[in-house]
Protein chains: 2
Amino acid sequence: MFDYSKLKDHICKRQNLSADEAEEFCASFSFVRVKKRQFIVQPEFVAKYRFFVIEGSFRAYVIGDGGEEHTIQFAIDNWWITDYNSYIFQQPASMFVMALEDSLVLQISFDAERMLKKASHTYETIFRILAEHTAAHMARRVILNLTKTAEQRFEFMLEKYPDIVNRVPQYALASYLGMTTEYLSKLRKRRVNAKKLI
Amino acid sequence: MFDYSKLKDHICKRQNLSADEAEEFCASFSFVRVKKRQFIVQPEFVAKYRFFVIEGSFRAYVIGDGGEEHTIQFAIDNWWITDYNSYIFQQPASMFVMALEDSLVLQISFDAERMLKKASHTYETIFRILAEHTAAHMARRVILNLTKTAEQRFEFMLEKYPDIVNRVPQYALASYLGMTTEYLSKLRKRRVNAKKLI
DNA sequence: CAAAATTCCTAAACCAGTTCATCGTTCCCT
DNA sequence: AGGGAACGATGAACTGGTTTAGGAATTTTG
């Protein structure tokens, strides 16, 4: 009925798998359609699933003490998303994860993942690599936030993830970059004016 | 000659291991003494090792465009440290990792780690769990930096990692928390004055 | 299609945190 | 032991980014 090829490609790029193994691996995932503005993770509830985005886009955010939203992560096609701390430790989540558009995802439950990890060394390796990549990505993000100014972070985002910049609402992007919408708007204007001079 | 018990305890807390397995696992690590101010990772060179601190303390930092130091991570007894992106992808490092005191570490090389991972499902699991914990920890750090003010981050640090606050130099702590030494000094003073009023 | 709601832009006042400059203290090193 | 470098404190001037407040444009929904 549905097409697992995106997930298969994603996995096989990182680890050699026989056709049978790839098949068995994917069988633990189920397709779910998610409507725009629908939540797939909510605070207080344990994040039972890890999601792989086939099409559409998502946004993970937390609510600060003053009620402000802080975007922690975006996910578009071929990215993973969930509340990582909630999922890994099976504790109540602190994040919302919401669809930004009507989307299609593949989800795996924590239990199914645990079985896969237990079942074979190869599957364990896949999740090990996944976790390493996640850790490495997060480490880069920490460095970026610590070493660059708001403007530099925006420039970096434009260069590295133009798809995301053009696809997500401005207030979500601003809070991801650790600034206000107003300031992002100012930066955008400054860029346009700078371009006009060339 | 040396005592592997700290590493053994650390691993066994996370994964069940037979005595033989624990022995074999630890055999891939070697003890190294590191003098204060000595580097165990340097930019441009590939981080060949991952380190487990037996005693002493370390600091990982990068140099910003303007020459400022930004502390990315501290490590004291029973913590892991290296330039994660360099080690995992075996690419040139962007960080310095320096001993803050005369220290004793256990190091494992990337190749030895790869062999362990390949050799057995159990060892693969250990490194998977390690990576998951690293990713989860980093995710919490990103959230903290995005949602809290400089003062709140300092308060949090005091509560959660008082050992580190009391053990590392002020300028290192300040750059870890994403602020200047001068401002941290001001916050410290504000705290002392606030306490006097109680 | 029109009303309601959400998103985006602009601008001025404001503030958390930085910069700069100076001084006292502690830690090393030989 | 003593001279130099590293470390911490403090205050005044400054700035990157926020807050507040308003209005315009776009999207959603009935």
Side-chain angles (χ1 to χ4, degrees), chain A residues 35-38 56-57 59 61 64-71 74 96 98-102 144-157 164-194 196, chain B residues 35-39 57 59 61 64-71 74 96 98-102 144-158 164-196:
Chain A
K35 282 253 169 225
K36 183 168 179 171
R37 262 176 257 277
Q38 190 181 322
S57 55
R59 169 179 170 241
Y61 63 95
D65 301 330
E68 351 72 64
E69 297 183 0
H70 300 274
T71 302
F74 291 113
F96 294 91
M98 191 183 78
L100 290 169
E101 322 167 39
D102 289 354
L144 193 76
N145 284 338
L146 232 41
T147 57
K148 305 292 181 184
T149 64
E151 181 162 20
Q152 289 172 323
R153 295 196 300 269
F154 174 51
E155 293 291 337
F156 178 85
M157 191 80 188
I164 291 185
V165 176
N166 297 318
R167 207 156 149 189
V168 306
Q170 193 121 263
Y171 67 88
L173 180 62
S175 78
Y176 178 81
L177 292 172
M179 64 180 86
T180 58
T181 355
E182 292 85 348
Y183 193 57
L184 179 53
S185 180
K186 197 186 285 187
L187 290 181
R188 274 220 154 96
K189 193 183 168 190
R190 198 186 293 175
R191 257 183 81 80
V192 174
N193 289 339
K196 272 185 196 158
Chain B
K35 282 254 167 222
K36 182 167 178 173
R37 263 176 259 278
Q38 190 181 324
F39 294 106
S57 56
R59 168 178 170 242
Y61 62 95
D65 300 330
E68 349 72 67
E69 297 183 1
H70 300 274
T71 301
F74 291 112
F96 294 90
M98 192 183 77
L100 290 169
E101 321 168 38
D102 289 352
L144 193 76
N145 284 338
L146 233 41
T147 56
K148 305 293 183 184
T149 63
E151 182 162 19
Q152 288 172 324
R153 295 196 300 271
F154 174 52
E155 293 291 338
F156 178 85
M157 191 79 190
L158 269 175
I164 290 186
V165 175
N166 296 319
R167 207 156 148 188
V168 306
Q170 191 127 266
Y171 66 87
L173 180 62
S175 77
Y176 178 81
L177 292 172
M179 64 181 86
T180 57
T181 354
E182 292 88 341
Y183 193 58
L184 180 52
S185 179
K186 198 185 283 184
L187 290 180
R188 273 220 155 97
K189 191 184 170 190
R190 198 187 290 174
R191 255 185 81 82
V192 173
N193 288 339
K195 258 191 185 164
K196 274 184 194 157

message = side-chain contact (heavy atoms from CB on, under 4.5 Å), that's the test. Do B:Leu177 and B:Met157 meet it? Break it down for me.
response = CA-CA 8 Å; B:Leu177 292 172; B:Met157 191 79 190; 4.1 Å; yes
Could you list, one pair per line, each protein nitrogen or oxygen that sits under 3.5 Å from a nitrogen or oxygen of nucleotides 3-10 of chain C, together with the distance?
residue, atom, partner, partner atom, Å
C:dT7, OP1, A:Tyr171, OH, 3.0
C:dC8, OP1, A:Gln170, N, 3.1
C:dC8, OP2, A:Gln170, N, 3.0
C:dC8, OP2, A:Tyr171, N, 3.3
C:dC9, OP2, A:Gln170, NE2, 2.0

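- The backbone N or O of B:Ser175 sits nowhere less than 3.5 Å from a side-chain atom of B:Thr71 that would complete a donor-acceptor pair.
- Checked for salt-bridge contact, B:Arg167 and B:Glu101 meet the test: a charged N lies under 4.0 Å from a carboxylate O.
- You'll find the side chain of A:Tyr61 reaches within 4.5 Å of the side chain of A:Met98, heavy atoms only.
- Extent of DNA chain D lying under 4.0 Å from chain B heavy atoms, first and last nucleotide in 5' to 3' order, is D:dC7 to D:dG11.
- Side-chain contact between A:Leu144 and A:Gln152: absent, with no pair of heavy atoms (C-beta onward) separated by less than 4.5 Å.
- The distance between atom CZ of B:Phe154 and atom P of C:dA16, rounded to the nearest whole Å, is 18 Å.
- Remark: B:Met179 CE to B:Leu173 CG distance equals 7.5 Å, nearest 0.5 Å.
- Note on B:Arg191 versus B:Glu155: salt bridge recorded, some NZ/NE/NH1/NH2 to OD/OE distance being below 4.0 Å.
- Residues B:Arg59 and B:Tyr176 fail the side-chain proximity criterion, which asks for heavy atoms closer than 4.5 Å.
- A:Glu68 places a side-chain N or O within donor-acceptor distance of the main-chain N or O of A:Gly66, the cut-off being under 3.5 Å.
- Note: B:Asp102 CG to B:Lys35 NZ = 4.5 Å, rounded to the nearest 0.5 Å.
- Across its full length, the helix from C:dC1-D:dG30 to C:dT30-D:dA1 shows an angle of 70° between the axes of its 5 terminal pairs at either end, rounded to 10 degrees.
- When the C1' atom of C:dG17 is taken as reference, atom CE of A:Met179 falls 17 Å away, rounded to whole Å.
- Distance B:Gln152 CD to C:dA16 P: 12 Å, rounded to the nearest Å.
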